[in-house]
Amino acid sequence: LLARTGGEEFALMASGIDRASVAGLADACRAALADAPVHYETEDGGVGETPLTASVGLASLEPQTAEVFNRVERLLNAADQAVRAAKGAGGDCLRLFTPRSRAAA
């Protein structure tokens, strides 16, 4: 399920795929965008180019994170934190949210 969550932000919810596979797919999509800049005609008749980038944040509900992500709001908040980390790292990258276990906290 892909949904726009506001502005330039989208959320993707996938079932039946592990964290590493989702991360690989998301990073491949990010790289594909980077390889496909938008071309446009300029006011003087020339051609301009604008690069496309994506800052991707990933959080996953798995058996080992089920205790931490026991409400959907917590999972979405974690993904949002990961997106902010990607943007803070300069953008056009992928960041994974890895929760600390409650035992370690």
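Below, each value reflects all heavy atoms present in this structure, side chains not excepted, and no hydrogens, waters or symmetry copies. Note that this is a predicted model, so its numbers are computed, not measured.
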Between P51 and P37 the two heavy atoms that sit nearest each other are CA-CB, 4.1 Å

At their closest point, which heavy atom of L58 faces which heavy atom of A23, and how far apart are they? CD2-CB, 3.8 Å

Within a reach of under 6.0 Å around CD of E8, are more than 12 heavy atoms found that belong to other residues, nucleotides or ligands? no

Mind listing the closest non-hydrogen atom pair of F69 and L61 along with its distance? O-CD1, 3.7 Å

side-chain hydrogen bond (donor to acceptor under 3.5 Å, both in side chains) partners of residues 83-95, not counting sequence neighbours, each pair once: E9-K87, R30-D92, D80-R84

Starting from V56, can I reach F97 by hopping between I/L/V/M/F/W/Y residues whose side chains sit under 4.5 Å apart? no

Do L1 and F10 share a hydrophobic cluster, counting only Ile, Leu, Val, Met, Phe, Trp and Tyr and linking them when any side-chain heavy atoms are less than 4.5 Å apart? no

Quick check on the hydrophobic clustering: are L96 and V22 connected, directly or via other members, by side-chain heavy-atom contacts under 4.5 Å? yes

Taking a hydrophobic cluster as the set of Ile, Leu, Val, Met, Phe, Trp and Tyr residues connected by side-chain heavy atoms closer than 4.5 Å, whether directly or through intermediates, do M13 and V68 fall within one such cluster? no

Non-hydrogen atoms of S21 and D18 that approach each other most closely: N-OD1, 2.8 Å

T65-R74 side chain donor-acceptor pair, cut-off 3.5 Å: no

Any side-chain heavy atom of R71 sitting closer than 4.5 Å to one from N77? no

All heavy atoms of S55 vs all of A86, minimum pair found to be CB-CB, 3.9 Å

